[in-house]
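Just so it is clear: chains get the letters A, B, ... in the order the sequence lines come, proteins before strands, and each one is counted from 1.
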Amino acid sequence: MKPFFLLRATRTPHPSVLSSVSSLSSDSSSSLILQTKHLLRKSQDRLHVLSLIDSGSLQPRLDLYSDLIKQCTNLKKLREGMAVHQHFLSSRFNPDIFLLNSVVNMYCKCGSLEDARKVFDEMPERDVVTWTALMTGYAQNEQPLDALRLFPMMLGLGVPPNQFTFATLFKAAGAANGYEIGEQVHAVCVKFGCDLDVYVGSSLLDMYARQERMLEACLVFDRLESKNEVSWNALIAGYARKVDGENAMMKFREMQRSGFKATHFTYSSLFSACAGTGALEQGKWVHAHMVKSGQKLIAFIGNTLLDMYAKAGSIQDARKVFDRLDKRDVVSWNSMLKACAHHGLGKETISLFEEMRSFGIQPNHITFVCVLSACSHAGLLAEGQHYLKMMKLYKLEPEVEHYVTVVDLLGRAGLLEQAQKFIDEMPIEPNAAVWGALLGACRMHKNVELGKFAAERVFQLDPHDSGPPVLLSNIYASTGRWTEAAGVRKMMKESGVKKEPACSWVEVENSVHMFVANDDSHPQIEEILKFWEEINVKIKEVGYVPDKNHVLLFVDEEEREARLQYHCEKIALAFALLNMPPGATIRIMKNIRVCGDCHSAIKLVSKVMEREIIVRDKNRFHHFSKGSCSCGDYW
DNA sequence: GTAGGGTTAG
């Protein structure tokens, strides 16, 4: 066996080497050298290895440099990597493509793309590995466009790409929203016969899934030569992102049938799908499946599980998960804070946040968004201002999101002028969301003039959002200015801004039933409407007066009252009352904010029907019980 | 020597 380098007895090697060498039982010299080589390679002190070379104690071979570079790559030691690179340049060795490829990769993995690019540019020759390593570097360091730009250059120079190249390119295309480029690369990929590879396929189907093109994603998936956990997970994650719980669950069952075991990626996708639709029963089922499969509750899954319970309306279960997590990271804390805020538990959010601080956990920007929005939902004005100031303490500069919550906080409290002054004095440029918060407050407090002013700002900054014109029209309508309300509606129609249709849904016996406004396609609709009539009589007996201000169309009085009956949250509620066992808590989800009239009606329903009713709207949860709501009518 | 999938705010 040929020794790789020699340890000269006349020089003093590193003490750890000496002590290890002296403890070796074998006295065969080649074995000694091999053992020493192994030791040095495993040594945590790469700089010392370089100094041993400098002092003449070691005679390096090319693969010693190669090993050292690899170590620096894996450990992400940029400074040491640079030293090894420099040392190699001053050595007797010629530039070697294998080693330089490793150097490019080392700089990429250590996040120094400039250095990687410099080595790349100066290389006398480059192969597919060189190109792919740099592309991957860009793709993994949030420069996906730079990764994509390399591809035509590479093809132009006649370097044929391989499956590694395509896997990276599709990832980059997905991250850069570069879907047109992605599709072109897909064509090239087919030409090179790489599209059936499972790595390429997972990345490619993920790219299609990210633009909600599940049909294409499935086509890619079905064509794969062989599937693995990653390709299944990419598919399930695609459905989960689309909040298509039904298909996510279906693919999950297929995955099981095909003999693949769910991983923590699978579970977290499924939990986030259930969180999106608020499907508590399905979420619980997946949770049970996970426990049975022996998958541990690591932080990553725990956070999505916690989030699922919170978003599906069970803050108690969310808290249980939080308490059971053995390692809580900042995301766990943020999720729990957000859960409390979302459920209107302002005081609890604050005490949880103080607990987090007392544990010495460093809050981040999102932490403060959670805390501030809790203050806003609970009307805790002084606390909100206090926590905004506290950000400085943690060296966090408030971002526009934080200013939005403060405007919201002031606005909800009715301090509209103060809110406007706050916007004027903001150190950063207010965006549409900031003005939108003021507009929302004007809607709440029926301030037409300021509302108009705020609305104009929003229209300028975000002309495509249907929310603000609807809000403005509602301000006019709720103050009886029907002509102006109709004017805004007309303007919307002409400019092509479409209002998102209101819809509500409810989970009954493991399936989700959705009710879209003015859609009577549900098979039980006749029965539901008849049942709502009965409820309506009952709640009128205990004082329900339909609030016609919430029907914001220019129609006559009678029709206005009739239209109120058809708000989708009422339909969903009637459906749930008809189909759920007595006493079971009803959980209704709505895609937009719950309307004031429905809010009053549901409060009374909770009383006359003796039911716990939980409604999740776009902003928060409402827990209705015994005739009142947890939001204290402040939302 | 080069590759793919997951969470938190609004």
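The CZ atom of A/F151 sits 20 Å away from the P atom of B/dT2 (whole-angstrom rounding). Spacing between atom CZ of A/F353 and atom P of B/dT8 amounts to 20 Å, rounded to whole angstrom units. To the nearest angstrom, C1' of B/dT2 lies 10 Å from CD of A/Q140. At whole-Å resolution of the value, NE2 in A/H365 and P in B/dG10 are 15 Å apart. The nearest whole Å value for the distance from the CG atom in A/D307 to the C1' atom in B/dT8 is 7 Å. For A/H287 and B/dT7, the NE2 to P distance is 18 Å, given to the nearest whole Å. The interatomic distance linking A/W131 (CH2) with B/dA3 (P) rounds to 17 Å, in whole Å. Taking atom CG of A/D195 as the reference point, atom C1' of B/dG4 lies 15 Å away to the nearest angstrom.
With hydrogens and angles ignored, the 3.5 Å screen pairs a side-chain donor or acceptor of A/S335 with a backbone N or O of A/V331. With hydrogens and angles ignored, the 3.5 Å screen pairs a side-chain donor or acceptor of A/N162 with a backbone N or O of A/F164. Using modelled atom types, one side-chain atom of A/S202 and one backbone atom of A/V198 make a donor-acceptor pair closer than 3.5 Å.
No contact: A/R620 has no heavy atom under 4.0 Å from any strand. A/A433 comes within 4.0 angstrom of nothing in the nucleic acid, heavy atoms only. Within 4.0 Å of A/R126, counting heavy atoms only, lies no atom of the nucleic acid at all. Within the 4.0 angstrom heavy-atom criterion, base atoms lie near A/N303. No contact: A/V104 has no heavy atom under 4.0 Å from any strand. Within the nucleic acid shown, A/D127 comes within 4.0 Å of at least one base atom, counting heavy atoms only. Using a 4.0 Å heavy-atom distance criterion, A/S373 is classed as a sugar-phosphate-only contact. Across all strands shown, A/K227 has no heavy atoms under 4.0 Å from either base or sugar-phosphate atoms. Heavy atoms of A/V404 sit nowhere under 4.0 angstrom from any nucleic acid atom.
B/dA3 has no base stacking with the ring of A/F166 when judged by centroids under 5.5 angstrom apart and an interplanar angle below 30°.
Among A/T266, A/I301, A/L306, the single residue meeting the side chain to side chain contact (heavy atoms under 4.5 Å, CB included) criterion with A/F271 is A/I301.
Considering only side-chain atoms of A/K109, the nucleotide from B/dT8, B/dT7, B/dT2 that sits closest is B/dT2. The side chain of A/V369 has B/dG10 as its nearest neighbour among B/dG6, B/dG10, B/dT8. With B/dT7, B/dT2, B/dG4 as the choices, the nucleotide that has an atom nearest any side-chain atom of A/N105 turns out to be B/dT2. The side chain of A/K311 has B/dT8 as its nearest neighbour among B/dG10, B/dT8, B/dG6. Comparing B/dT8, B/dT2, B/dA3 by their closest approach to the side chain of A/N334 singles out B/dT8. Among B/dT7, B/dT2, B/dG4, the nucleotide with an atom closest to any side-chain atom of A/N228 is B/dG4. Distance from the side chain of A/A167 is smallest for B/dA3 among the nucleotides B/dT2, B/dA3, B/dT8.
For the OP1/OP2 pair of B/dT7 and a distance below 4.0 Å, the side-chain nitrogens and oxygens of A/R241 include no atom meeting the criterion.
The pair A/D206-A/R241 meets the salt-bridge criterion, with a side-chain N (NZ, NE, NH1 or NH2) lying under 4.0 Å from an Asp/Glu carboxylate O.
Side-chain contact between A/Y309 and A/K284: present, with at least one pair of heavy atoms (C-beta onward) separated by less than 4.5 Å.
Side chain A/S203 to base B/dG4: no donor-acceptor pair is found below 3.5 Å.
When ring centroids are compared, A/F368 and A/F353 come within the 6.0 Å threshold.
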